[in-house]
Amino acid sequence: MRLRPLTWLVPALATAAAVTATALALPQGGERAPDGRAAAAADARPAGKARPDARNVVLAVHGGAGTALDRDKTTPEREKAYRDGLTEALRAGQKVLDKGGSSVDAVQAAVTKLEDDPLFNAGKGAVFTADAGHELDASIMRGSDLKAGAVAGVKNLRNPIEGARAVMDKSKHVLLAGEGADDFGARHGLRTVTQDYYWTQARWGALMAAKEAEKGREGGSGDKKATRSPAALADEQSKGTVGAVAVDKRRDLAAATSTGGLTNKLPGRVGDSPLIGAGTYAKNGTVAASATGAGEVFIRGGATATISNLMEFKGVGVAKAAYEVIVKRLPALGGDGGVIALAPDGQFDAPHSSPGMLHGYLTEDGEVVTKIFPDETPPNS
């Protein structure tokens, strides 16, 4: 099956006007204290400390690292949309775990929810490439046997994480790319879409802002204010990826990551999200980890596999290992970001060197915590 990307978007670049992002209203959800903060905000880890964010965690998700949401400038509707999106993903994974399902099924269910939410940069909410197309990446890994699957540069799979799972379960390969990955998914019954499915006004506005900023950097007449437009800010606030980590009743770990990439990226660019050991890693006995941030740096630093190796070969805990990689090592390579990292005993940490990282977690007793503002999840230093 061959589905070709639409071409009508490209010439529109020359004439499109400035647009603004529209706040999304999603179903009610999320556990919040009366002041609107995450339930565990009062226990937020001070910046610079390498200790677990939480214990007895069974599932965690992230919605990308980037510029922190400003509590004073974020509308109640937008706050609700972010919290609801994270909560719905956690509840989707919880349904799997509560029925005795596997951690692999749980992370796939959680990431699928995030891919279907246009607020996040994955699936429906994927950003635009430089030629106004969409190229999506995803990966999934099972900690019990180190089986993994990934897709890169897909243009027609509705849910790339389903493609990654199919590669893991139904092929002898780990990574398929481009048309081959799209065709493989279609042959195995996965839902396919045309490129206009991924289109959202907010992401189009972000591309326009990026094009204007690019003109300015090249000495043209670009709009210098474009980089601070609502669309551009929306892009910054949820850039990178979505991801999930889980531990099931058998203490098996799993991790999954999905992304639309970077706004205005070169066609064919692949970041860390579909690369096992960079954006995604799971190994029983050490950690399940999903990363978000400057993909090229996470690739060069082998981010998620290094966290596991520090735990296995140096005997350090999940928080210390994640802190070492995300806060100490990767910034020295020229990029920032974050990771959600879960140990088999339920210890969970979410260090990040970026100003913000949208994430949430579910505990064994069913409590949901979401963190979207800097005072709930301050950057580590």
Side-chain angles (χ1 to χ4, degrees), residues 23-32 38 57-65 78-99 101-127 134 136-141 149 151 154 157-166 185 190-191 193 197-198 200 202-203 237-248 254-260 273 279-280 288 290 292 340 342 350 357-363 366-372:
L24 301 176
L26 298 179
Q28 179 67 38
E31 305 288 341
R32 292 197 294 279
V57 172
V58 294
L59 175 68
V61 299
H62 71 76
R78 193 163 186 79
E79 176 186 352
K80 180 179 182 299
Y82 277 116
R83 292 198 192 278
D84 286 356
L86 296 171
T87 298
E88 289 179 4
L90 290 168
R91 294 303 188 196
Q94 181 185 23
K95 289 180 181 179
V96 174
L97 295 175
D98 285 351
K99 294 177 181 178
S102 71
S103 54
V104 175
D105 288 341
V107 295
Q108 181 180 342
V111 169
T112 297
K113 274 289 185 183
L114 293 170
E115 287 180 338
D116 289 342
D117 188 335
L119 191 62
F120 300 101
N121 177 19
K124 174 61 179 172
V127 299
H134 300 276
L136 294 77
D137 310 323
S139 63
I140 192 167
M141 187 170 187
V151 293
V154 296
L157 292 183
R158 174 176 169 137
N159 292 103
I161 195 62
E162 293 180 354
R165 180 68 183 272
L190 302 186
R191 291 173 295 179
V193 294
Y197 166 77
Y198 307 114
T200 63
R203 299 307 185 193
Q237 290 165 352
S238 60
K239 71 169 58 172
T241 66
V242 303
V245 293
V247 58
D248 59 30
T257 311
S258 181
T259 186
S273 296
T280 302
S290 173
T292 172
I340 51 173
L342 180 63
M357 183 171 75
L358 309 172
H359 69 281
Y361 57 84
L362 171 77
T363 64
E367 180 188 11
V368 166
V369 175
T370 58
K371 297 186 177 184
I372 65 173

Could you list the residues that satisfy salt bridge (Lys or Arg N to Asp or Glu O under 4.0 Å) with Glu115, not counting sequence neighbours?
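Here no residue qualifies.
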Strictly distance-based, threshold 3.5 Å: is any side-chain N or O of [X] a donor or acceptor partner for the main-chain N or O of [Y]?
| X | Y | answer |
| --- | --- | --- |
| Ser258 | Ala138 | no |
| His134 | Val127 | yes |
| Asp248 | Ser103 | yes |
| Ser139 | Ser273 | yes |
| Arg191 | Asn159 | no |
| Lys113 | Gly85 | no |

If I compare all heavy atoms of [X] with all of [Y], which pair ends up nearest, and what's the gap?
| X | Y | value |
| --- | --- | --- |
| Ala256 | Val111 | CB-CG2, 3.9 Å |
| Thr200 | Pro118 | CG2-CB, 4.0 Å |
| Ala350 | Ile340 | CB-CG2, 4.2 Å |
| Ala254 | Val107 | O-CG1, 3.7 Å |
| Leu59 | Gln94 | CD2-N, 3.9 Å |
| Val245 | Ala255 | CG1-CB, 4.0 Å |

Stepwise side chain to side chain donor-acceptor pair (under 3.5 Å) test for Thr257 and Ser290
CA-CA 6 Å; Thr257 311; Ser290 173; 2.8 Å; yes
Quick one: [atom1] on [X] to [atom2] on [Y], what's the gap to the nearest 0.5 Å?
| X | Y | atom1 | atom2 | answer |
| --- | --- | --- | --- | --- |
| Leu86 | Leu114 | CG | CG | 6.5 Å |
| Asp137 | Ile161 | CG | CD1 | 11.0 Å |
| Leu190 | Glu162 | CG | CD | 5.5 Å |
| Lys124 | Leu136 | NZ | CG | 11.5 Å |
| Thr280 | Ile140 | OG1 | CD1 | 9.0 Å |

Let's go through Val242 and Val61 carefully: what are the C-alpha distance in whole Å and the side-chain angles of both, what is the deciding distance for side chain to side chain contact (heavy atoms under 4.5 Å, CB included) to 0.1 Å, and is it a yes or a no?
CA-CA 7 Å; Val242 303; Val61 299; over 6 Å; no
Given Tyr361 and Leu342, is the side chain to side chain contact (heavy atoms under 4.5 Å, CB included) satisfied, shown in steps?
CA-CA 10 Å; Tyr361 57 84; Leu342 180 63; over 6 Å; no
Thr370 and its side chain to side chain donor-acceptor pair (under 3.5 Å) partner, picked from His359, Glu79, Arg83
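The passing option is Arg83.
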Answer whether the closest heavy-atom distance between the side chains of Arg78 and Leu119 falls below 4.5 Å.
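Sidechains of Leu119 and Arg78: in contact.
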Side-chain ion pair, Asp105 and Arg165, N-O less than 4.0 Å:
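Judged by the 4.0 Å cut-off on N to carboxylate O distance, Asp105 and Arg165 do form a salt bridge.
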How are the rings of Phe120 and Tyr82 set relative to one another: parallel (under 30°), tilted (30 to 60°) or perpendicular (over 60°)?
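Ring orientation, 0 to 90° scale: perpendicular.
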